[in-house]
Amino acid sequence: MNSIQNRRVLSGMRPTGALHLGNYHGALRNWVDLQYQYDCFFFVADWHALTTGYEDTGSLESNVWEVVKDWLAAGLNPGACSIFIQSHVPEHAELHLLLSMITPLGWLERVPSYKDQIEQLSDKDLGTYGFLGYPLLQSADILLYRAQYVPVGEDQVAHVEMTREIARRFNHLFGRESDLEQKVQRALKQLGSRTAGQYEALRKKYQEKGDAGSLDKARLMVEGDARLSLADRERLLSHLEGTGRTILVEPQVLLTPTPKLPGLDGRKMSKSYGNTIAMREEPDEVARKLKAMPTDPARVRRTDPGDPDKCPVFDLHRLYTPEDTRARLTEGCKTAGIGCIECKKPLIDAVVSEITAFRDRAREFEDSPDLIRNVVREGCEKARDAARRTMAEVTEAVGMDYL
Ligand code: TRP
Ligand code: SF4
């Protein structure tokens with residue numbers, strides 16, 4: 001196993017019900033690739049769904065199962081990644097509570113999605129404690145697994161940024177050993193007075209003058225010194241930076257390359273616009289929807305030439321159609337050599353064939369619902385193992401491991 005495979009990836013989705021092609025191409029397709037490269041944890045964020053949808057929880061359960069079914073339909077392989085449900089790993093709530101104690105209110109109020117969402121979802125009362133805490137719950141999700149990478153879209157970057165700040169604050173507050181200073185002095189003795197002197201000089205230059213070059217030099221010195229034990233090396237590194245021990249790992253965003261996937265009306269494909277094609281849509285329905293999709297408004301009659309750059313159908317071609325065919329269609333459109341019905345035909349075929357693969361994979365799970373439950377049960381267990389390990393260290397660091 002190489003080191004990449006040891007690295008951990010975590011991501012989640014809210015249970016919005018059956019997923020659509022925008023969800024697939026915007027996130028899921030990427031997860032399917034990642035599962036073979038990293039130690040991946042993927043979960044349904046059902047508590048997050050409650051932050052905006054607390055009034056009606058009637059369809060929550062079926063929405064959760066539909067999402068999991070679509071993950072499996074897309075090709076997530078339970079043998080290669082862990083699939084679980086947030087609320088069934090209660091450590092998410094435990095860590096969220098602890099982190100809430102050290103999170104300044106201003107950090108939460110400052111997250112851009114907070115005010116945006118309150119405005120956009122003005123029909124709902126989002127003046128709740130839970131909604132303000134949305135990004136912090138997400139931080140707990142991520143930090144609980146010590147995930148190095150979080151694959152998300154542009155809209156979630158601010159949440160991962162805040163997670164990094166929370167990790168830093170936690171490590172700063174609780175990563176300190178009461179006798180760190182003494183232990184640092186003892187570790188320095190191992191280095192000999194010359195090296196120890198250099199270390200101290202570089203540390204001062206960094207901490208007092210902010211000289212990043214000195215930090216790098218001192219880091220190299222400490223990391224490359226075989227005389228130090230692992231624990232002493234950690235101590236000297238945190239003493240150097242003036243931070244605590246790393247209990248919670250700062251995650252990085254793995255930005256999902258999102259192709260432009262228009263919905264049936266040309267706007268972004270989104271459930272709230274009602275312009276979606278579901279991942280497991282009936283093939284006849286797919287054909288009907290695509291046939292009705294608007295094209296370049298300049299092509300009123302069959303004899304009017306068009307411009308693929310002004311046509312939402314062609315944005316779909318960019319995703320589904322090989323380049324040589326696309327060149328032929330472009331030519332045909334611009335010269336009015338082909339009509340829109342003809343142009344849509346290879347697209348319909350490509351989308352139907354993609355959807356058919358999803359439907360085929362999902363069938364196995366539709367036939368035996370126990371199968372899907374077992375996948376999630378096993379995923380929850382693997383997730384809880386990892387979560388418990390982190391919580392044990394967190395509890396100890398905070399000083400609450402009484403028994
Ligand atoms: N907030 C994310 C979204 O709306 C879902 C989510 C919850 C998530 N917890 C997470 C994503 C942790 C990545 C990591 O899409
Ligand atoms: Fe769009 Fe194709 Fe019609 Fe041109 S021919 S307007 S690209 S659907």
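Numbers for residues simply follow the sequence, beginning at 1. Order of appearance sets the numbers: ligands from 1, and atoms from 1 within every ligand. The analysis underlying the following values was restricted to heavy atoms, covering all of them including side chains, and did not include hydrogens, waters or symmetry mates.
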**OP:** Kindly give the heavy-atom pair with the smallest separation between Pro151 and Val9, and that separation in Å.
**Re:** CD-CG1, 3.5 Å

Original post:
So, the side chain of Arg299 versus the backbone of Asp304: is there a donor-acceptor pair under 3.5 Å, distance only?
Top reply: yes

Original post:
How would you list all residue pairs meeting side chain to side chain donor-acceptor pair (under 3.5 Å) that involve residues 122-146, not counting sequence neighbours?
Top reply: Arg14-Tyr134, Gln86-Asp141, His92-Asp141, His92-Tyr145, Gln138-Gln156, Gln138-His159, Ser139-Thr163, Arg146-Glu393

Original post:
Around atom 4 (Fe) of ligand 2, how many protein N, O or S atoms are there at under 2.8 Å?
Top reply: 1

Original post:
Less than 4.0 Å between a side-chain N and a carboxylate O, is that true for Asp367 and Arg363?
Top reply: no

**OP:** Return the protein residues near ligand 1 (heavy atom under 4.0 Å from any of its atoms), ordered by chain and residue number.
**Re:** Leu10, Ser11, Gly12, Arg14, Phe43, Ala45, His48, Tyr134, Gln138, Asp141, Ile142, Val150, Val152, Gln156

Subject >> Asn23 side chain near Leu28 side chain, heavy-atom distance below 4.5 Å >> reply: no

**OP:** Please examine the side chains of Val313 and Cys340, heavy atoms only from C-beta on, and report whether any two atoms are closer than 4.5 Å.
**Re:** no

**OP:** Show the numbers, then the answer: is there a ring-ring contact (aromatic ring centres under 6.0 Å, His included) between His88 and Phe43?
**Re:** CA-CA 10 Å; His88 281 51; Phe43 71 99; over 10 Å; no

Original post:
Who passes ring pair (Phe, Tyr, Trp, His ring centres under 6.0 Å) against Tyr199, sequence neighbours left out?
Top reply: none

Original post:
Taking side chain as C-beta onward, heavy atoms only, is Arg169 less than 4.5 Å from Pro104?
Top reply: yes

